[in-house]
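What follows is one structure encoded as structure tokens, with my remarks underneath.
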Amino acid sequence: MLQLPEPTTSCIRTLASVEEAYELCRKITAKYSKTFYLGTLLMSAEKRRAIWAIYVWCRRTDELVDGPNASLTTNETLDQWERRLEAIFVGYPHDHYDVALVDTLEQFPLDIEPFRDMIAGQRMDLYRSRYQTFDELELYCYRVAGTVGLMSTTVMGRDETLPTAPWDQPKTNNPIDEAIALGIANQLTNILRDVGEDASRGRIYLPLEDLALFNYTEDDLLKGVVDDRWRALMAFQIQRARKFYALAESGIGALSEDARWPVWSALMLYSQILDVIERNDYDNFRQRAYVSKPKKMVALPIAWLRAKVL
Ligand SMILES: CC(C)=CCC/C(C)=C/CC/C(C)=C/CC/C(C)=C/[C@@H]1[C@@H](COP(=O)(O)OP(=O)(O)O)[C@]1(C)CC/C=C(\C)CC/C=C(\C)CCC=C(C)C
Ligand SMILES: Nc1ncnc2c1ncn2[C@@H]1O[C@H](COP(=O)(O)OP(=O)(O)OP(=O)(O)O)[C@@H](O)[C@H]1O
Ligand SMILES: [Mn+2]
């Protein structure tokens, strides 16, 4: 669905207009992520469409190693994808979706480095299916999700009334660690939600050192054993993810005012997945932790209040 026919070099004029390209990106964001799409609807029109363009680039990058054709993806495929990224950054779109990203790059001062780092994260998925320590997992999470925090923050903008220097100031307008923390928190949540699906593909993202700490084995995980060892392990992972959410929360006030409500919303909606895992008594193998639409809607006014007050 995300793989359009490759245009030949002579058909550049057949590419979508900027408006059409953003509309394609909007549709894909709406289809693939109800949570983040809802967040974008709370943004200004310019920021929202830029986030859609970024979402689609991230989604496609992820699909290369995680999608239906992932078995065809090699290091060379990702090299090519990176060359294409470089072309986008100098204003050359390769297909309809790229047209939106090229326009976004003209509107916002995005850095190429987080995009490259995300490709490096997807490369890890090509050759690795186990993480020994949390440090190793954290690097993966930074690359595939912390980077999204950096890209999004550039689009959403910072509160220009706050100081930029860290000394003597309780709060500065450069919430880099906090933006990365929200990406990592989301990715850890995603890993906990999808633990069964990943195991069925032979992948274990949970650090093996944590499994050992709770006397739970890889074999138990691949079989989907839910017992007190698993519940304790899950409670530990949830607590860790919540620490990252807490750090992220402390940075939202440093974003431009109109970005705070969308970010609080996305944070609250995604972190609720952790509450659902708890309510399901940690059986994330057999029950998908899912936040219903009415529950998502209830969170929005609370997020609005937090954006105004905190
Ligand atoms: C509201 C808002 C700003 C949203 C940003 C939306 C965006 C551009 C998302 C990109 C997501 C994406 C496709 C990344 C590729 C790698 C990947 C799959 C990461 C996982 C995302 C889950 O997405 P999805 O639900 O579509 O995938 P599944 O269907 O579950 O497979 C991740 C969990 C990572 C998402 C990370 C973020 C959205 C970063 C959030 C951080 C900020 C917005 C920074 C806020 C700033 C401060 C100071 C706190
Ligand atoms: N239990 C499920 N079984 C099969 N498909 C599902 C299930 N839950 C969701 N889906 C589909 O898979 C897609 C991705 O699901 P996901 O849980 O990521 O929901 P989402 O609405 O994208 O929320 P989020 O943004 O929180 O990831 C959804 O668009 C949905 O159509
Ligand atoms: Mn999703």
Side-chain angles (χ1 to χ4, degrees), residues 32-36 62 65-68 70-71 121-122 124-146 180-249 266-296 298-299:
Y32 280 85
S33 181
K34 305 286 170 287
T35 301
F36 299 129
D62 185 60
V65 295
D66 228 8
S71 63
Q122 307 300 353
M124 289 170 83
D125 268 337
L126 282 186
Y127 64 85
R128 244 188 125 143
S129 59
R130 297 290 185 278
Y131 293 83
Q132 200 57 45
T133 65
F134 180 67
D135 278 356
E136 291 171 15
L137 179 65
E138 193 177 359
L139 174 65
Y140 171 75
C141 291
Y142 160 71
R143 287 178 168 168
V144 299
I180 293 173
L182 185 51
I184 293 177
N186 287 345
Q187 189 62 30
L188 293 174
T189 304
N190 201 273
I191 286 170
L192 297 178
R193 184 191 70 190
D194 296 343
V195 78
E197 191 186 315
D198 290 331
S200 69
R201 293 187 299 164
R203 294 189 164 279
I204 300 180
Y205 289 101
L206 297 179
L208 297 180
E209 67 178 8
D210 294 350
L211 265 63
L213 204 61
F214 291 89
N215 238 335
Y216 189 87
T217 66
E218 278 187 47
D219 200 44
D220 291 328
L221 196 151
L222 297 173
K223 286 188 185 130
V225 175
V226 175
D227 58 11
D228 285 347
R229 293 169 306 157
W230 175 252
R231 290 189 193 93
L233 171 60
M234 284 300 98
F236 175 73
Q237 301 295 325
I238 288 174
Q239 191 187 27
R240 180 189 276 145
R242 286 193 177 130
K243 284 193 188 144
F244 282 92
Y245 280 116
L247 174 57
E249 286 180 7
L267 182 151
M268 289 177 66
L269 298 181
Y270 221 75
S271 66
Q272 278 186 46
I273 296 173
L274 299 177
D275 308 341
V276 179
I277 295 175
E278 286 174 335
R279 272 206 299 283
N280 291 345
D281 203 17
Y282 305 104
D283 190 356
N284 33 1
F285 289 110
R286 279 154 213 89
Q287 279 169 281
R288 186 176 170 91
Y290 177 73
V291 181
S292 67
K293 189 137 190 219
K295 282 226 170 80
K296 283 181 177 162
V298 169

Listed partners of Asp227 passing side chain to side chain contact (heavy atoms under 4.5 Å, CB included), at least two apart
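For Asp227, the residues satisfying side chain to side chain contact (heavy atoms under 4.5 Å, CB included) (neighbours in sequence not counted) are Tyr216, Val225, Arg229, Trp230.
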Taking only residues two or more places apart in sequence, or in another chain, which ones meet Thr133 in a side chain to side chain contact (heavy atoms under 4.5 Å, CB included)?
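Per chain and number, Thr133 pairs via side chain to side chain contact (heavy atoms under 4.5 Å, CB included) with Asp135, Glu136, Glu209.
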Nearest 0.5 Å, what's the [atom1]-[atom2] distance between [X] and [Y]?
X: Leu221; Y: Lys223; atom1: CG; atom2: NZ; result: 11.5 Å
X: Thr189; Y: Leu274; atom1: OG1; atom2: CG; result: 4.0 Å
X: Leu192; Y: Ile273; atom1: CG; atom2: CD1; result: 10.0 Å
X: Tyr205; Y: Cys141; atom1: OH; atom2: SG; result: 9.5 Å
X: Ile184; Y: Asn190; atom1: CD1; atom2: CG; result: 13.5 Å
X: Asn284; Y: Arg193; atom1: CG; atom2: CZ; result: 11.0 Å

Side chain to side chain donor-acceptor pair (under 3.5 Å) against Arg240, all qualifying residues, sequence neighbours excluded:
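Expected list: Asp210, Gln237.
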The criterion is side chain to side chain donor-acceptor pair (under 3.5 Å); which residues satisfy it with Gln122, sequence neighbours excluded?
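So Gln122 forms no side chain to side chain donor-acceptor pair (under 3.5 Å) with any residue.
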For [X] and [Y], which heavy atoms make the closest approach, and how far apart are they?
X: Ala181; Y: Ala248; value: CB-N, 4.1 Å
X: Leu222; Y: Ile204; value: CD2-CD1, 4.2 Å
X: Leu269; Y: Val291; value: O-CG2, 4.0 Å
X: Gly202; Y: Ser129; value: O-CB, 3.8 Å
X: Thr35; Y: Ala266; value: CG2-O, 4.2 Å
X: Arg286; Y: Gly224; value: NH2-O, 2.7 Å

Can we call the ring centroids of Tyr245 and Tyr270 under 6.0 Å apart?
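They do not qualify: ring centres at least 6.0 Å apart.
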List the residues meeting salt bridge (Lys or Arg N to Asp or Glu O under 4.0 Å) with Arg130, not counting sequence neighbours, and say none if there are none.
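Counting only residues at least two positions away or on another chain, Arg130 forms a salt bridge (Lys or Arg N to Asp or Glu O under 4.0 Å) with Glu218.
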Taking ring pair (Phe, Tyr, Trp, His ring centres under 6.0 Å) as the definition, give me every residue that meets it alongside Phe236, ordered by chain and number, with sequence neighbours left out.
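Checked Phe236 against ring pair (Phe, Tyr, Trp, His ring centres under 6.0 Å); matches are Phe214.
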Quickly, which of Asp125, Asp198, Asp194 forms a salt bridge (charged side-chain N to carboxylate O under 4.0 Å, His left out) with Arg203? Name it, please.
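Result: among Asp125, Asp198, Asp194, Asp125 is the only option passing the salt bridge (charged side-chain N to carboxylate O under 4.0 Å, His left out) with Arg203.
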Between Asp220 and Thr217, is there a side-chain donor-acceptor contact under 3.5 Å, judged purely by atom types and distance?
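Present: a donor and an acceptor within the cut-off.
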Asn280 vs Val276, test: side-chain contact (heavy atoms from CB on, under 4.5 Å). Steps then yes/no.
CA-CA 6 Å; Asn280 291 345; Val276 179; 3.7 Å; yes
Could you walk me through whether Met268 and Lys296 pass the side-chain contact (heavy atoms from CB on, under 4.5 Å) check?
CA-CA 9 Å; Met268 289 177 66; Lys296 283 181 177 162; over 6 Å; no
Can Tyr32 and Asp62 be said to form a side-chain contact (heavy atoms from CB on, under 4.5 Å), step by step?
CA-CA 12 Å; Tyr32 280 85; Asp62 185 60; over 6 Å; no
Given the rule in the side-chain contact (heavy atoms from CB on, under 4.5 Å) test, do Phe244 and Ile180 qualify, once you have shown the distances and angles that lead to the verdict?
CA-CA 9 Å; Phe244 282 92; Ile180 293 173; over 6 Å; no
Answer yes or no: is there a side-chain heavy-atom contact under 4.5 Å between [X] and [Y]?
X: Phe36; Y: Asn186; result: yes
X: Ile238; Y: Asp275; result: no
X: Met234; Y: Leu206; result: yes

With a 4.0 Å cut-off, would you call Arg201 and Asp66 a salt bridge?
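The answer is yes: the pair qualifies as a salt bridge.
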